[in-house]
Protein chains: 2
Amino acid sequence: EEQAQRGKLYVGYYVVVKWLFALLIGIGTGLAAVFINISVENFAGWKFALTFSIIQKSYMAGFLVYILINLGLVFSSVYIITKFAPAAAGSGIPEIKGYLNGVDIRGILLFRTLIGKIFGSIGSVGGGLALGKEGPLVHIGACIASLLGQGGSTKYHLSSRWLQVFKSDRDRRDLVTCGCAAGVAAAFRAPVGGVLFALEEVTSWWRSQLMWRVFFTSAIVAVVVRTAMGWCKSNKCGHFGSGGFIIWDTSDGQEDYSFEELLPMAVIGVFGGLLGALFNQLTLYMTSWRRNYLHKKGNRVKIIEACTISLITSLISFGLPLLRKCSSCPESDSDSGFECPRAPGMDGNYVNFYCGKENEYNDLATIFFNTQDDAIRNLFSAKTIHEFSAQSLLTFLVMFYALAVVTFGTAVPAGQFVPGIVIGSTYGRLVGMFVVNFYKKLSIEEGTYALLGAASFLGGSMRMTVSLCVIMVEITNNLKLLPLIMLVLLISKAVGDAFNEGLYEVQARLRGIPILESKPKYQMRKITAKEACGNQKVISFPRVVKVADVVSVLQSNVHNGFPVIDHTRSGETIVIGLVLRSHLLVLLQSKVDFQHSPLPCDTRVGSLPIGHNFSEFVKPASSKGISIEDIHLTTDDLEMYIDLAPFLNPSPYVVPEDMSLTKVYNIFRQLGLRHIFVVPRASRVIGLITRKDLLIEDSEDSATELQSTSVRPRC
Amino acid sequence: EEQAQRGKLYVGYYVVVKWLFALLIGIGTGLAAVFINISVENFAGWKFALTFSIIQKSYMAGFLVYILINLGLVFSSVYIITKFAPAAAGSGIPEIKGYLNGVDIRGILLFRTLIGKIFGSIGSVGGGLALGKEGPLVHIGACIASLLGQGGSTKYHLSSRWLQVFKSDRDRRDLVTCGCAAGVAAAFRAPVGGVLFALEEVTSWWRSQLMWRVFFTSAIVAVVVRTAMGWCKSNKCGHFGSGGFIIWDTSDGQEDYSFEELLPMAVIGVFGGLLGALFNQLTLYMTSWRRNYLHKKGNRVKIIEACTISLITSLISFGLPLLRKCSSCPESDSDSGFECPRAPGMDGNYVNFYCGKENEYNDLATIFFNTQDDAIRNLFSAKTIHEFSAQSLLTFLVMFYALAVVTFGTAVPAGQFVPGIVIGSTYGRLVGMFVVNFYKKLSIEEGTYALLGAASFLGGSMRMTVSLCVIMVEITNNLKLLPLIMLVLLISKAVGDAFNEGLYEVQARLRGIPILESKPKYQMRKITAKEACGNQKVISFPRVVKVADVVSVLQSNVHNGFPVIDHTRSGETIVIGLVLRSHLLVLLQSKVDFQHSPLPCDTRVGSLPIGHNFSEFVKPASSKGISIEDIHLTTDDLEMYIDLAPFLNPSPYVVPEDMSLTKVYNIFRQLGLRHIFVVPRASRVIGLITRKDLLIEDSEDSATELQSTSVRPRC
């Protein structure tokens with residue numbers, strides 16, 4: 001009775017902490033995003049303002065200052081990453097996806113990775129490289145969630161005991177899922193998109209109870225970001241906070257579309273699929289080349305590489321607009337509310353850059369010599385027909401595409417969302433220009449085509465579907481375009497799938513992260529479980545095992561779990577459970593359970609003896625764990641015995657030997673397992689469990705509970 | 001080799017048909033929704049126009065006409081349902097939810113149910129009852145999907161063989177899931193909301209591959225509906241199509257909110273939780289009373305009941321506004337674009353009804369003597385501060401709430417979404433009025449509070465979360481209110497959960513639909529699998545069984561699956577598989593597999609002998625199946641034998657006897673099973689399957705495939 005009471009109290013505490021954590025993850029990720037945004041936008045704003053003010057006098061001096069600021073920012077980023085947090089390089093999404101699929105990757109959820117990711121992102125994005133901060137924000141959210149889940153960082157002594165309630169792998173994964181959603185919600189200010197992204201793209205095991213918590217986290221992020229932006233409104237945060245909550249608001253764009261527009265839109269979809277698949281393939285080659293040659297030469301090469309790319313990026317983004325002839329401003333500017341030319345150093349269309357006359361603007365500089373956020377805003381903008389020339393857009397497309405490919409895989413935190421949107425919106429706008437010229441309808445907006453292009457490229461590269469759709473809607477606040485975005489995505493994903501896998505899958509595979517896909521392979525149908533486990537020799541332990549045997553087994557092979565076999569009184573062998581390598585290591589290290597006699601002690605199977613704390617057996621997600629080499633045992637120790645009964649998992653999942661591997665795969669994947677025992681066919685069936693056996697009523701009063709156990713005493 | 005080729009071809013065909021079906025479900029559901037909408041809006045529009053034109057002369061005559069039209073429509077609806085399609089009564093969502101959870105409910109996916117649902121909805125919604133067409137549309141989508149999946153209706157000889165590729169339960173469920181999403185997408189013109197509704201509310205087994213297909217279906221629905229509305233624009237469809245694609249567009253509503261508004265919003269959430277939980281409880285009492293007393297008395301009582309409720313509804317909605325004193329129109333009407341008073345018979349605010357002077361309007365008539373869609377539009381409307389008096393809103397709230405409770409459970413198709421929105425937006429607007437009076441800020445819109453109220457009531461009653469949020473955003477096109485909607489939903493769901501379960505769960509339980517929730521019950525931890533299956537006697541068959549034995553077993557118990565036991569050469573018993581009752585019945589009926597000898601034939605286990613078509617064993621979802629009583633066997637037949645080996649499932653799922661029921665529950669629920677064998681502990685472990693055993697590379701070339709099977713010949 002008392003135990004039940006305590007159990008209920010614990011459940012209550014657990015629920016409260018669960019929601020508290022969701023709240024904290026939301027606040028933490030929201031604040032981190034605000035911090036990164038403020039820093040990046042101020043660095044970038046200040047950089048452009050300074051450059052613009054200098055080029056009034058000398059373009060050469062401005063050029064130098066621009067290059068140096070970019071170089072400094074990128075250097076700081078790559079220095080932090082290489083020296084301090086190597087796991088923070090790249091986007092982090094493939095790694096998090098792997099973690100949530102059940103693969104532990106060293107270092108990805110450490111406190112130092114979090115710090116490295118935050119400051120590295122500021123440097124790399126502020127430094128004008130062709131990468132975004134969205135992927136890193138997902139990683140940041142996941143880090144915050146994981147650190148909270150283990151009650152702080154163990155290494156830096158920031159952990160607090162009372163928060164360490166989340167011991168199971170599943171709870172940890174749930175928290176990290178919340179963190180991922182929070183990251184996307186913070187990056188795009190798209191709470192629903194965040195939930196769907198976590199659901200569709202990163203998690204492997206989804207439970208519907210989790211959905212509401214993930215959604216809550218995303219909502220908190222939205223509130224935090226919105227509050228911060230409200231607070232920043234009166235110029236308290238420098239350049240940050242302009243533009244409103246919706247990042248690229250196109251709600252004043254095209255309202256309707258006619259059927260003849262569907263053809264060019266389908267063309268955009270095909271472009272997106274082709275260019276996206278090409279992007280995946282090129283970045284695959286780049287990354288594998290980097291891994292195999294360049295990055296093996298040490299950190300110095302990584303730093304030089306990043307700085308070189310920064311130099312090239314600055315050179316192209318400043319130099320190319322110089323070569324471009326300026327265009328004169330369109331006539332009816334005062335009506336549409338657009339200023340032309342725009343005063344330099346401010347965001348907006350029609351930038352005056354290296355132009356001879358006063359009322360001219362440089363269309364290439366408007367998108368190239370600008371932050372990516374502003375470039376996208378300009379490309380998406382409605383009511384600016386014929387602002388860009390086809391020549392400029394093509395130049396920009398080729399150059400930026402090349403830069404994005406080259407930049408991918410350098411040792412800085414790098415997201416692919418924003419570059420993808422830039423690339424996509426450029427060719428989208430190009431197609432839009434042709435459509436406007438061809439159909440000569442006033443209602444067609446080039447900006448809408450740019451938006452569709454962005455969706456198509458992301459679809460063709462990342463192969464996300466529902467979440468991408470929702471994110472696109474939330475960042476542009478234009479719900480009416482949803483069917484068009486869907487159409488474009490369907491086409492681009494189908495085209496892309498014909499060539500290769502999605503960006504994250506390709507990268508995960510390259511990095512050796514073995515992600516189990518949701519669908520079993522076709523040839524698994526013909527393989528049985530027995531065939532799948534091959535001619536491996538199963539090493540099992542008896543219930544009471546000699547320490548020396550344990551050590552020799554752990555040293556001689558790398559398996560993570562071992563069956564434990566006992567004998568019944570009638571002499572038959574019987575599998576009594578599974579013991580994990582990590583638990584054996586803890587036992588060997590602590591030595592308290594060593595015993596002299598080879599006879600089993602009396603403790604019940606699966607329940608820990610007194611003197612053991614459950615938390616000892618929990619490996620912190622961010623540490624390496626112990627290795628068998630670290631454990632030193634005396635010869636006396638080796639002669640002793642351990643009774644494994646209290647430490648094993650008494651009912652591991654089993655499958656009969658001739659079950660098809662497809663079924664086994666589904667069990668494994670759906671339940672998120674790490675080990676399945678393949679056992680011989682059963683000799684008899686004790687009972688059949690059907691739906692009605694599982695429909696137990698809630699026992700608010702203990703009477704029903706008593707009844708349900710007393711009525712069914714034995715099988 | 002050839003077989004592999006054929007296999008690949010089949011897979012290709014399968015994929016094409018899968019997407020074709022998604023397309024067809026989308027088109028079908030979209031067209032059904034358009035048809036219902038056109039009918040309902042024209043009936044309702046014509047009804048109101050006629051009534052308004054008559055009351056210019058005589059209120060009494062108008063009243064009579066109004067009552068009679070409503071009565072006629074409701075009578076037609078209830079007549080169709082009771083005489084023709086009894087399964088089409090109610091919302092249908094609990095039943096579909098049960099079906100997707102694995103419970104077969106007779107008649108819910110029949111062709112006649114589809115027809116009954118479509119025409120019944122037109123009558124009941126057009127007849128002005130306090131119910132909506134959204135739940136029925138979900139059911140309609142599911143019916144269309146299911147009928148397509150079985151290749152047409154078998155009863156009405158509409159089936160076509162080549163479409164019957166979807167034989168497995170899983171494929172059927174996937175199609176029905178698509179249908180559900182299509183239904184919501186069609187009802188609210190909310191494609192993303194439809195996907196999330198299917199995911200969160202109705203399905204039990206979700207696979208991420210399914211998501212994209214569901215999304216595609218929803219997109220098709222959106223395109224179909226939008227195209228139809230575009231085609232209807234030039235008054236080709238009568239009253240239908242006004243108001244645009246977004247049902248209740250509030251994008252011109254409140255832009256921002258201040259922190260002090262959060263308190264009244266939280267109050268709305270609490271109201272929603274309380275009123276929603278009360279609604280669930282009251283409808284539970286009503287429905288169980290109806291089931292136990294009223295509806296047992298036959299169809300005539302059902303018809304009388306529905307007609308009585310129609311009379312009461314007409315009486316109240318016409319009579320109460322008559323008692324209400326008219327208010328004078330607000331001053332600055334020409335500026336805001338609102339006409340006051342509105343010409344009768346048109347939708348819009350400020351309806352002139354039984355008013356003495358010309359420039360007066362009747363605020364109660366504006367919401368009560370109107371279609372629910374228009375009432376909601378008026379309640380949501382921005383820039384109409386002080387249009388409604390608190391007294392009118394309160395009267396309407398109480399009356400409509402009572403009507404919704406009473407109407408729930410009558411024998412007509414009835415959705416609860418729109419009534420829920422009406423109720424919620426009424427008290428939301430009431431709270432909004434107080435806030436406007438209290439804070440005296442110009443930026444606060446009563447319509448925004450009405451929207452939040454609607455969200456809170458639906459959250460408090462249906463306990464949906466993410467999907468509801470997205471639906472609310474999509475029907476109002478106001479993304480900026482998302483965090484507020486989330487806040488309100490969090491509160492109302494939490495408050496509601498403190499009292500009872502969600503509406504669909506309550507109703508499913510009442511109707512005896514045993515839905516397995518996603519979470520195992522707490523007390524299952526202490527129950528083992530062996531205890532759960534109780535002291536049931538397991539009846540198993542030998543491999544070759546006498547027909548008489550099969551008949552007697554099938555007659556004497558109601559189990560749906562039986563273990564099949566064989567003997568090895570060494571004389572040990574071994575479980576070789578599971579045979580389903582339905583398959584046994586097919587075997588008994590066809591008789592072709594009867595044999596004289598009690599020796600096994602040579603066919604491989606689990607592969608069908610020649611002369612059998614797999615499709616014989618598939619029970620159509622919409623038919624009753626065969627019963628043992630329908631099968632007539634001669635005495636000679638009874639003396640014969642059947643070899644069950646070809647007809648059994650050779651590797652059913654097994655769990656060891658002392659696995660905790662929580663784990664068993666998760667296997668059962670996550671994999672969507674119907675039977676699990678409880679078996680004794682294994683005597684040995686043949687192999688361990690871990691992640692790396694499941695990472696088989698795609699074998700584009702057959703060389704790797706050969707290798708992977710030849711390298712692993714035996715365990």
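Lettering of chains follows the sequences in order, A, B, ..., and the numbering in each one begins at 1.
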Do the side chains of [Y] and [X] get nearer than 4.5 Å, heavy atoms only?
| X | Y | result |
| --- | --- | --- |
| A/Leu482 | B/Pro191 | yes |
| A/Asn101 | B/Arg691 | yes |
| B/Leu199 | A/Leu199 | yes |
| B/Ile574 | A/Ser683 | no |
| A/Thr690 | B/Ile676 | no |
| B/Val679 | A/Ile686 | no |
| B/Leu688 | A/Val678 | no |

- Item | Sequence-distant partners of A/Phe216, ring pair (Phe, Tyr, Trp, His ring centres under 6.0 Å), two or more places apart |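 With sequence neighbours excluded, A/Phe216 shows a ring pair (Phe, Tyr, Trp, His ring centres under 6.0 Å) to A/Trp19, given in chain and number order.
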
- Taking only residues two or more places apart in sequence, or in another chain, which ones meet A/Phe668 in a ring pair (Phe, Tyr, Trp, His ring centres under 6.0 Å)?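 Once residues adjacent in sequence are excluded, A/Phe668 has no partner under the ring pair (Phe, Tyr, Trp, His ring centres under 6.0 Å) criterion.
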
- Task: Test side-chain contact (heavy atoms from CB on, under 4.5 Å) on A/Asp693 and B/Val664 and set out the steps.
- Result: CA-CA 11 Å; A/Asp693 298 310; B/Val664 178; over 6 Å; no

Roughly how far, to the nearest 0.5 Å, is [atom2] of [Y] from [atom1] of [X]?
| X | Y | atom1 | atom2 | result |
| --- | --- | --- | --- | --- |
| A/Asn560 | B/Lys692 | CG | NZ | 9.5 Å |
| A/Arg213 | B/Thr465 | CZ | OG1 | 12.5 Å |
| B/Leu661 | A/Ile689 | CG | CD1 | 5.5 Å |

Non-hydrogen atoms of chain B under 4.5 Å away: do they reach the side chain of [X], the backbone, both or neither?
| X | result |
| --- | --- |
| A/Val538 | side chain |
| A/Leu196 | side chain |
| A/Gln670 | both |
| A/Lys663 | both |
| A/Pro652 | backbone |
| A/Ile485 | neither |
| A/Glu474 | both |
| A/Ile667 | both |
| A/Leu490 | both |
| A/Val654 | both |
| A/Arg684 | both |

- Check A/Ser660 against B/Ser651 and note the closest heavy-atom contact, atom names and distance.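 Looking at all heavy atoms of both residues, the closest pair is N-OG, 4.2 Å.
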
- Heavy atoms of A/Arg681 and B/Gly577 approach each other most closely as NH1-N, 4.3 Å

- Query: Highest number of heavy-atom pairs under 4.5 Å with chain B: which of A/Tyr653, A/Tyr665, A/Phe562?
  - Reply: A/Tyr653

Only pairs of heavy atoms separated by less than 4.5 Å count here; which of [options] has the most with chain A?
| options | answer |
| --- | --- |
| B/Thr573, B/Val655, B/Val466 | B/Val466 |
| B/Thr203, B/Val214, B/Val685, B/Val192 | B/Val685 |
| B/Lys493, B/His559, B/Glu572, B/Glu517 | B/Lys493 |
| B/Leu516, B/Leu489, B/Val103, B/Val473 | B/Leu516 |
| B/Ala219, B/Pro656, B/Pro514 | B/Pro514 |

- Query: B/Thr227 versus chain A, heavy atoms under 4.5 Å apart: side chain, backbone, both or neither?
  - Reply: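 When you check distances to chain A, only side chain atoms of B/Thr227 fall under 4.5 Å.
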
- Please lay out, stage by stage, how B/Glu200 and A/Trp212 fare under the test side-chain contact (heavy atoms from CB on, under 4.5 Å). CA-CA 10 Å; B/Glu200 187 189 346; A/Trp212 191 215; 6.0 Å; no

